[in-house]
Structure formats: C-alpha cells, structure tokens
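Here the structure is laid out as structure tokens; the discussion comes afterwards.
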Amino acid sequence: AVQLVESGGGSVQAGGSLKLSCAASGFIVSSFCMGWFREAPGNEREGVAVIDRDGGTSYADSVKGRFTLSKDNANDNAKMLLFLQMNSLQSEDTAMYYCSRLMYGDCSIRDLGISGRWGQGTQVTVSS
C-alpha cells in the first residue's frame with residue numbers, strides 16, 4: 001500500500017528554518033512526481049513544490065528562493081525520502097504541510113492536493 005509519512009514540522013520564529021521529511025513507500029518511487037502542498041485555515045490549498053522523476057523542481061512563487069525540495073531513494077525503487085528545506089520562514093508560511101504523490105504522468109504543481117495521494121500532514125507554525 002502507498003504510504004506517505006511526514007515529519008519535521010514544528011514551531012519556529014520568523015526568519016528561522018525547518019526541514020520537513022516524507023518517507024514514501026509502497027510504489028515504484030522513480031515513476032512518479034512528488035511534492036508538497038499546504039493548507040492554512042482561511043486560505044486556499046497551495047502547491048508548494050514539485051520534483052520530477054529526473055530531479056527537476058518547480059516552486060510556488062511564494063516560496064521561490066527560500067524553500068528547496070530534494071529526494072533520496074538510495075537506489076531502492078520501493079522507498080524514497082522527500083525533503084523540503086524551508087529557510088527564511090515567514091508567518092504566512094504557517095500551515096499544515098502535506099507530502100504528495102501525483103498521479104502517474106502528472107507533474108503539475110497545481111495538482112498537488114487535488115489528485116494523487118498524500119499523507120496526514122505535519123504542522124508548521126511561524127511566529128513573528
């Protein structure tokens with residue numbers, strides 16, 4: 001079964017950093033684009049970053065230059081770790097962050113949280 005387990009969330013002051021991790025398993029990890037989206041009360045769901053099968057990345061304008069998405073599957077095609085390094089955090093980054101696997105053949109940041117699969121989420125709270 002597909003499993004996506006997020007970790008690394010927490011509380012941090014504005015200007016600080018956090019690194020989110022996602023342990024993905026239960027599918028052929030090299031065949032899918034992966035990413036993160038976030039949801040905050042009163043805000044629309046936002047696709048944050050996506051990484052394609054070759055390691056190419058795309059970011060939402062709101063996080064470009066501050067967030068870095070990477071992955072490591074350690075030559076195991078059934079498991080992967082997905083990382084989201086978040087620097088220069090702002091109060092507007094406060095949200096629940098979800099790791100997501102897009103549908104096969106889809107690599108659109110806009111589809112994160114709409115189609116595919118995602119985990120339970122990890123909360124990020126940034127205080128100013």
Look up atom [atom1] in [X] and atom [atom2] in [Y], then write down how far apart they are to the nearest 0.5 Å.
{"X": "W118", "Y": "W36", "atom1": "CH2", "atom2": "CH2", "value": "14.5 Å"}
{"X": "Q85", "Y": "L69", "atom1": "CD", "atom2": "CG", "value": "11.0 Å"}
{"X": "N87", "Y": "T68", "atom1": "CG", "atom2": "OG1", "value": "6.5 Å"}
{"X": "L102", "Y": "F37", "atom1": "CG", "atom2": "CZ", "value": "10.0 Å"}
{"X": "R45", "Y": "L112", "atom1": "CZ", "atom2": "CG", "value": "7.5 Å"}
{"X": "L20", "Y": "S7", "atom1": "CG", "atom2": "OG", "value": "8.0 Å"}

Where do [X] and [Y] come nearest, in terms of heavy atoms and distance?
{"X": "S128", "Y": "A14", "result": "CA-CB, 4.1 Å"}
{"X": "S88", "Y": "R66", "result": "O-NH1, 2.9 Å"}
{"X": "A60", "Y": "G47", "result": "CB-O, 3.3 Å"}
{"X": "G113", "Y": "S100", "result": "N-OG, 4.2 Å"}

Linked, directly or transitively: [X] and [Y] (ILVMFWY side chains, under 4.5 Å):
{"X": "Y59", "Y": "F83", "value": "no"}
{"X": "I109", "Y": "L82", "value": "no"}
{"X": "I51", "Y": "V2", "value": "yes"}
{"X": "M96", "Y": "M86", "value": "no"}
{"X": "L84", "Y": "V124", "value": "yes"}

Practice prompt. Apply side-chain hydrogen bond (donor to acceptor under 3.5 Å, both in side chains) to S62 and E46, showing your working.
Written response: CA-CA 10 Å; S62 58; E46 181 183 23; 2.6 Å; yes
Polar side-chain atom of [X] near backbone of [Y] as donor-acceptor pair, under 3.5 Å:
{"X": "T57", "Y": "V50", "value": "no"}
{"X": "K71", "Y": "D52", "value": "yes"}
{"X": "D54", "Y": "G56", "value": "no"}
{"X": "D93", "Y": "Q90", "value": "yes"}
{"X": "T122", "Y": "Y97", "value": "no"}
{"X": "E6", "Y": "Q120", "value": "yes"}
{"X": "Y98", "Y": "E39", "value": "no"}

Worksheet item: So do L4 and M34 actually touch side chain to side chain, heavy atoms under 4.5 Å?
Response: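 Yes; the side chains approach each other to less than 4.5 Å.
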Worksheet item: Side-chain contact, heavy-atom cut-off 4.5 Å: Q123 with T94?
Response: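 They are in side-chain contact.
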Donor-acceptor contacts under 3.5 Å from residues 22-33 side chains, at least two apart:
from : atom 1 : to  : atom 2 : distance (Å)
S30  : OG     : N77 : OD1    : 2.7
S30  : OG     : N77 : ND2    : 3.3

Fill in: side-chain hydrogen bond (donor to acceptor under 3.5 Å, both in side chains) against S11, all qualifying residues, sequence neighbours excluded
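Applying side-chain hydrogen bond (donor to acceptor under 3.5 Å, both in side chains) to S11 gives none.
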Discussion item. With a 6.0 Å cut-off (strictly less than), is the heavy-atom count around NZ of K79, excluding the residue itself, greater than 12?
Written reply: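 No, the 6.0 Å shell around NZ holds no more than 12 heavy atoms from other groups.
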